[in-house]
Amino acid sequence: MSERKRRERQESVIEEGRRALGMSRRDFLKTSAWASAAGLTLVACGTDSGTTTVAPATTAPATTAAATTTTAAAAAPETTTTTAAPATTTSQAPAAVQPTLIFEMGIQPRVINSTVQNIQNQKWIADMVEDKLYDWDSNVNIVPRLAAGMPNKIDDLTVEVTIKDGVTFHNGDALDAQAVADLYTFVQNNGIWRSHLRAVDSIEAVDNLTVRFNLNRPYSFLLSKMALINIRHRDWFEVNDSHMGSGPYVFSEFVDGQFATLAANENHWSGHVPAIRDIRFNFVPDPGARLVNLLSGRSHYLGDPRFSDLPVLEAQANLTTLVANAPVDILWFEQVENPPTDNLLVRQAIAFSMNRRRVNDVVFQGKAVTASGPLHSASLGYDPDYRPYPDDPDIEQARALLSQAGYGEDDVIDFDVVIQNDNLTRDTMVAMTNDWLAAGLKANLVILDSGPWVNRWVTGGFNVISVASQEGYSAGNTPWVVLGVNHSQDPANFHKYNNPRLDAILDEVDATDDVNRQIELWKEGNRLVAEDAVSVPPVYPPLIAAHANNLQGIDQGLLQVNHVRQQEWSFA
């Protein structure tokens, strides 16, 4: 795309957003904070044919009263002309047909395959197409989905699950015990779920509806994994551009770099047919374009807005913003074998001189919770009364620790902070650099794309490494990932932390079904890791989203584990 055409498209998007809000161009740009010294980047260049990442127009949402967090009134967007791909034809009477749900996301899943990837944006699609053995309810309890009841624990090393009779995949094949056993056997040896099933020796179909899990050690988290792992058809195990399951929606189309579409499953085993017959997931990497699309009625649900856009979103009377305490973690690990972070006193000095309050106020609009260890405030075991480090930097304490470590008053200690190339993580680190420097600690930010970042992580080439992650899709409401990775034998313990007591805690957590005991163990493990200053994220971010007010049925309880359930949504 030429520079002239790119500018013309940018101006077009700006004009549409400005008109939708009834604002002057200057006020629109100022309010949205999209003007920068480098120029506007509202629209990303597309293919040679001149397409852009702005979503196709659809029927604009009608204005209704705000459901939760909306404030001052603003003009509702006018109805726009439909230019999206034709909706899937249904047998309903025209008056009953609901608009296609336009669901926007900033990151296209690397692959459309739930055995390979379990990030939020991928699961938003996969969970609608592929059912799971169990699921979460509004109170963050695990309940049967494909399973006929809760698991039957034969003994400490044997667990059986009975499958509901009569369930079929979308192509008509039976979803029976053998189909489930085949899926779990595959993911036990391949893909993203491999490390989650290390305690499982084998999976077998005992009969047509009974699956048996044979364990090599007691494993209390098997049930939560059953509530996270999608059951996909065996012929699709290694297919990366489509889904096949038994879910409430059927996978329709995937266009790389643009969108994925789903159509309602008219013959779902539950007997429920979604009110919204079609969903289009648009991949719109530019956050400004995503915001314009929602403000102007081109989309209905924005799952990953910027925190800096919250004031704009909250000011719209025709939109609802959602803020949920959910495990959206800033994963933070300090390498204990590389100087200077091999020294406990240096790690503690870094923790004491972090400006957690500034990170929360400046980067997260005051919506986050200042952190006290690896356990997120939405996780089991979080203790709000445990505060090992202050919200405001304690420069005097940090300097005292560095003095104990043998550094002089004028010494400046360099350490590398390796992060991925995204604004949120970068802004988080920048918000703390001045206070670190005041304590005598110079943070060298190493900003990398995903591949090089992973390489630095697995090779241990860092002092501090950090990345944002939605743990609800891999651990539910447990700190299984953020604390478990600190086990000395965990394959992802690239920061080389070794604490025998923590290993014993994590081993006991794995083995006990007593949730109250698990919580006490999580608390103790959190204290150990925090006081050793190995995992000390600055804040616990919430999950945020925004949607048109006439989109109803959104279960906010599910957001506590990063989940959405679009089959229950409808338009007013």
Side-chain angles (χ1 to χ4, degrees), residues 110-119 122-123 126-127 129-135 142 144-247 251 269 473-476 480-481 484 490-492 510-511:
R110 179 167 53 88
V111 293
I112 305 294
N113 186 335
S114 55
T115 72
V116 175
Q117 199 170 34
N118 62 357
I119 64 170
Q122 198 276 337
K123 292 285 279 183
D127 283 356
V129 181
E130 299 165 353
D131 286 314
K132 299 165 289 188
L133 291 177
Y134 295 89
D135 211 340
I142 297 176
R145 180 70 175 164
L146 289 172
M150 299 306 286
N152 179 23
K153 185 176 179 180
I154 307 300
D155 54 46
D156 285 345
L157 300 180
T158 312
V159 177
E160 290 185 352
V161 175
T162 301
I163 311 300
K164 289 175 180 174
D165 196 7
V167 178
T168 61
F169 289 101
H170 294 150
N171 67 350
D173 290 350
L175 197 162
D176 53 16
Q178 190 60 57
V180 173
D182 288 348
L183 181 281
Y184 271 86
T185 299
F186 179 82
V187 299
Q188 178 192 23
N189 298 295
N190 304 274
I192 196 70
W193 297 105
R194 202 166 28 174
S195 64
H196 297 248
L197 296 175
R198 291 195 305 271
V200 179
D201 262 348
S202 62
I203 308 97
E204 59 183 316
V206 177
D207 56 40
N208 192 48
L209 295 177
T210 306
V211 182
R212 178 178 295 160
F213 293 83
N214 301 302
L215 309 178
N216 54 49
R217 56 182 169 82
Y219 186 46
S220 62
F221 297 106
L222 179 60
L223 176 60
S224 70
K225 303 309 171 186
M226 293 179 187
L228 295 166
I229 297 175
N230 298 86
I231 307 300
R232 98 178 342 218
H233 192 287
R234 61 176 59 86
D235 292 345
W236 269 257
F237 286 173
E238 298 183 77
V239 175
N240 290 333
D241 60 358
S242 69
H243 289 292
M244 169 63 76
S246 62
F251 196 85
W269 53 267
Y473 278 111
S474 57
W480 188 86
V481 172
D490 191 282
D510 262 10

So, for [X] and [Y], which heavy atoms are closest and what is the spacing to 0.1 Å?
X: Ala227; Y: Ile142; value: CB-CG2, 4.1 Å
X: Lys132; Y: Ile231; value: CA-CG1, 4.3 Å
X: Leu175; Y: Ser246; value: CD1-OG, 3.4 Å
X: Ala181; Y: Ile203; value: CA-CG2, 3.8 Å
X: Gly247; Y: His170; value: O-NE2, 2.9 Å
X: Ile192; Y: Gln117; value: CG2-N, 4.0 Å

Requested in this report: Apply the test side chain to side chain contact (heavy atoms under 4.5 Å, CB included) to residues Leu222 and Val200: give CA-CA distance (whole Å), side-chain angles for both, the deciding distance (0.1 Å), then the verdict.
Outcome: CA-CA 9 Å; Leu222 179 60; Val200 179; 4.3 Å; yes
Query raised in the report: Which is it for Val180 and Val161 under the side chain to side chain contact (heavy atoms under 4.5 Å, CB included) test, yes or no, and what are the steps along the way?
Result: CA-CA 10 Å; Val180 173; Val161 175; over 6 Å; no
Query raised in the report: Is there a donor-acceptor contact under 3.5 Å from the side chain of Glu130 to the main chain of Ile229?
Result: no
Query raised in the report: Would a distance-only check, ignoring hydrogens and angles, find a side-chain to backbone donor-acceptor pair under 3.5 Å from Asn230 to Arg232?
Result: no
Got a second to check how far [X]'s [atom1] is from [Y]'s [atom2], nearest 0.5 Å?
X: Trp193; Y: Arg198; atom1: CH2; atom2: CZ; result: 13.5 Å
X: Leu209; Y: Lys164; atom1: CG; atom2: NZ; result: 12.5 Å
X: Ser474; Y: Lys123; atom1: OG; atom2: NZ; result: 10.0 Å
X: Leu215; Y: Thr158; atom1: CG; atom2: OG1; result: 7.0 Å
X: His196; Y: Leu228; atom1: NE2; atom2: CG; result: 8.5 Å
X: Asn118; Y: Asn113; atom1: CG; atom2: CG; result: 11.5 Å

**Report entry** Leu133 and Tyr184: CA distance, side-chain angles, deciding distance, side chain to side chain contact (heavy atoms under 4.5 Å, CB included) verdict
**Finding:** CA-CA 11 Å; Leu133 291 177; Tyr184 271 86; 3.8 Å; yes
Query raised in the report: Can you list the steps and then say if Asn152 with Thr162 is a side chain to side chain contact (heavy atoms under 4.5 Å, CB included)?
Result: CA-CA 8 Å; Asn152 179 23; Thr162 301; over 6 Å; no
Query raised in the report: Side-chain contact, heavy-atom cut-off 4.5 Å: Phe237 with Leu183?
Result: yes
Query raised in the report: Would you say Arg217 and Asp510 make side-chain contact, with heavy atoms under 4.5 Å?
Result: yes
Query raised in the report: How far apart are the C-alpha atoms of Phe213 and Tyr219, what are their side-chain angles, what is the distance that settles it, and do they pass the ring-ring contact (aromatic ring centres under 6.0 Å, His included) test?
Result: CA-CA 11 Å; Phe213 293 83; Tyr219 186 46; over 10 Å; no
Query raised in the report: Pick from Asp155, Asp156, Leu157: which one makes a side-chain contact (heavy atoms from CB on, under 4.5 Å) with Lys153?
Result: Asp156
Requested in this report: Give me the ring orientation class for Phe221 and Trp480: parallel if the planes are under 30° apart, tilted from 30 to 60°, perpendicular past 60°.
Outcome: perpendicular
Query - Partner residues of Trp269 under the side-chain hydrogen bond (donor to acceptor under 3.5 Å, both in side chains) criterion, sequence neighbours left out - result: Asp131
Query raised in the report: Mind checking what makes salt bridge (Lys or Arg N to Asp or Glu O under 4.0 Å) contact with Asp182, not counting sequence neighbours?
Result: Arg234
